[in-house]
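One structure is given below, encoded as structure tokens.
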Amino acid sequence: MDDDAKSVALAAELLRSGGIVAVKGLGGYHLACDARNATAVGELRARKFRKEKPFAMMARDLETARSLAVLTPAAEALLASAAAPIVLAPAREHLPHVAPDTGELGIMLPYTPLHHLLFAAGAPAVLVLTSANRSSEPIAYQDADAHERLTGVADAFLVGERPIARRVEDSVVRVGPLGPTILRRSRGYAPAAPAAIPTCRPILALGADLKNTVTLVVEGQAFVSQHIGDLEHHEACRALDETVRDLLSMYGVRPRDLLLAHDLHPQYRTTAYALEFRAAERYAVQHHRAHVASVLAERGAWNRQVLGIAFDGTGYGDDGTTWGGEVFAGSVSEGLDRVAHLRAAVLPGGDAAAGHPVQAAAGFLAQVDGLPDLTRPPFEFPDRYRKAQALLRAGVRTFGTTSAGRLFDTAAALLGFTLPVSYEGQAAIWLEQLARDGRPAEPLPFPFAAGELDWRPLLRAVATERLRGRSRGEIARGFHAGVAHGLRDAAHWACGAHGLDTVVMSGGVFQNTLLIEDLTPMLEAVGLEPWINHAVPPNDGGISLGQAALCALGPGRSSPCTSSPSH
């Protein structure tokens, strides 16, 4: 047995015995352990500082994957495709230590020779295979950096000699009621061009600060980068700069020739980066319009008049408040006008409320009359709720919001999610799973009138039903059905008022497949066609493509090109 084979055999043996191995991959290092060994997975969580966020797994083969999750033919085709993404699918095997509080598992198949060698050498049939980093940092991909950052996390390193040219994480895909949707677009997909934008000018769109990607448009082809990450971390900001320079070099674009698109938020890190960049022209794009435009860009529907619904956690609005529950009418070429929205609430503590559902709840529930003392059973809100109420009374650090994400957080808090979140979207994911575990229920009231979706009756009903002792699963199911009915009513009214028949849905809230399952037939029943993202994520990972489209073809920005780019 040669030295390479011995190294692989030793790594497989260590994995069988409950160890953690750093494995060098295509776009970075992974941390691997036996997925069915709860002790090993718990140790990995502790070392990686990853409390509850689900881990991805690699199954030895398709038959093993089938034993783990319920796989549709479309899901199996994705697993076996050349892109070989992580595919989210309903769990068949119960692995709560791998994926707490969710009924889905993220599974991929071996996609490098080293993966196949590990399994052939006797590694466990199902491995946790997660990005080699500490929580929320970019993946380690350079050997020296990996050894420095992962010493004390990994028990051993399995390292090939070939250097990794650029940092690329695994892609994540889910098959939903309207087809496959990419939730993280990276290895296997990036930096391919998911759209062609008819413009002669090179455009660089910098995306958002969370789930950052960038898009470079060259000769009409929109190349969307790999997932970069959350720019609150210094390493992610470095990765942004590396990715931008890499793309410009790859396609021979000079910075001074660029049109530069960035988010409207004046305090985003991408905005600061844009202001320091020596581009020919800069163009600020409102966050939620970019969400809607990303769907239209995928389809090349520049002049299609649509109703666009953008539901997410946060984005800077035209009026300087935090938007997140927006309805637009129009097109990329003529502009997207805000025609409806969620009723405004107040967020105590601003963005900090995103990490604490009860803090967000204080802002929403301040407008709901007749509530009991929520610090007492069955709600038992912690002291943070009282402190948030005090901020509201004092009018200190309070900010207006129409955030749909915080609305879902409030419902989750009322149904028992009262701890801080340990990863983005956790409370909403918990709420969706609670609803899936519950019996079908009548929709709770979520009325629409005068361009506003009023969540006060919806939240009052959630609290009242909980106080009456109704099962939390049924209430959660009624909440989701109520949101779907309210959106259907808003879409039906707005489409009628503006002569539209297409409803575009984007933003992180539309990663909720239960909401899509409820809403799609309701829209179709009133003659409306639903469109969602497929080629780029509905979350902020798709923002850069929408920015590029609006920068190129938005009102007053039509391209002077006389012909369309070649495909």
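- Checked against side-chain contact (heavy atoms from CB on, under 4.5 Å), Leu336 has the following partners two or more places apart in sequence or in another chain: Arg289, Val292, Phe328.
- Asp540 meets the salt bridge (Lys or Arg N to Asp or Glu O under 4.0 Å) test with no other residue; sequence neighbours excluded.
- Once rounded to the nearest 0.5 Å, the distance linking NZ of Lys211 with CG of Leu183 reads 9.5 Å.
- A donor-acceptor contact shorter than 3.5 Å links the side chain of Gln226 to the backbone of Arg167.
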(message) I'd like to know whether His287 forms a side-chain contact (heavy atoms from CB on, under 4.5 Å) with Tyr316, so could you lay out the CA-CA distance, the side-chain angles of the two residues, the decisive distance to 0.1 Å, and finally the verdict.
(response) CA-CA 7 Å; His287 188 95; Tyr316 192 79; 5.8 Å; no
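- The environment of CZ in Arg245 is sparse: at most 12 heavy-atom neighbours from other residues, nucleotides or ligands sit within 6.0 Å.
- Once rounded to the nearest 0.5 Å, the distance linking NE2 of His492 with CZ of Phe448 reads 12.0 Å.
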(request) Just do the ring pair (Phe, Tyr, Trp, His ring centres under 6.0 Å) check on His480 and Phe408 with the steps written out, would you? (result) CA-CA 9 Å; His480 279 79; Phe408 275 72; 5.8 Å; yes
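- For the pair Lys24 (side chain) and Ile164 (backbone), a donor-acceptor distance under 3.5 Å is absent.
- For Asp246, the salt bridge (Lys or Arg N to Asp or Glu O under 4.0 Å) partners two or more places apart in sequence, or in a different chain, are Arg166.
- Checked by atom type and distance alone, the side chain of Thr401 pairs as donor or acceptor with a backbone atom of Ser403 at under 3.5 Å.
- Between the side chain of Arg185 and the backbone N or O of Pro191, no donor-acceptor pair lies under 3.5 Å.
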(message) Assess the residue pair Thr215 and Gln547 against the criterion (side-chain hydrogen bond (donor to acceptor under 3.5 Å, both in side chains)); give the C-alpha distance rounded to whole Å, side-chain angles, the decisive distance to 0.1 Å, and a yes or no.
(response) CA-CA 9 Å; Thr215 293; Gln547 290 174 340; over 6 Å; no
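- No donor-acceptor pair closer than 3.5 Å links the side chain of Arg174 to the backbone N or O of Pro180.
- Heavy atoms only, all atoms of each residue included: Ala297 and Ala549 are closest at CB-CB, 4.0 Å.
- The existence of a salt bridge linking Asp409 and Arg406 is confirmed by a sub-4.0 Å separation between a basic side-chain nitrogen and an acidic carboxylate oxygen.
- The CG atom of Leu258 lies 8.5 Å from the CZ atom of Arg201; values are rounded to the nearest 0.5 Å.
- The NE2 atom of His265 sits 9.5 Å away from atom OG1 of Thr270, with the distance rounded to the nearest 0.5 Å.
- Considering Asn512, Leu487, Leu514, Val503 as possible partners of Leu519, the one that fulfils the side chain to side chain contact (heavy atoms under 4.5 Å, CB included) test is Leu487.
- In this structure, Asp318 CG and Asp337 CG are separated by 10.0 Å, a value rounded to the nearest 0.5 Å.
- Checking side-chain atoms of Gln433 against main-chain N and O of Gly103 turns up a donor-acceptor pair under 3.5 Å.
- For Arg149 and Tyr29, the positive end is not near the middle of the six-membered ring at less than 6.0 Å and at most 45° from its axis.
- Atom CG of Asn533 is separated from atom OG of Ser294 by 4.0 Å, given to the nearest 0.5 angstrom.
- Between the side chain of Asn539 and the backbone N or O of Gly541, at least one donor-acceptor pair lies under 3.5 Å.
- Aromatic ring pairs are classed by plane angle as parallel below 30°, tilted from 30° to 60° and perpendicular above 60°; the pair Tyr111 and His115 is perpendicular.
- Between the side chain of Arg45 and the main chain of Arg50, a donor-acceptor pair closer than 3.5 Å is present.
- With Arg184 contributing its side chain and Ile86 its backbone, the two residues share no donor-acceptor pair below 3.5 Å.
- Listed for the Ser186 side chain is no donor-acceptor partner under 3.5 Å among the backbone atoms of Ser171.
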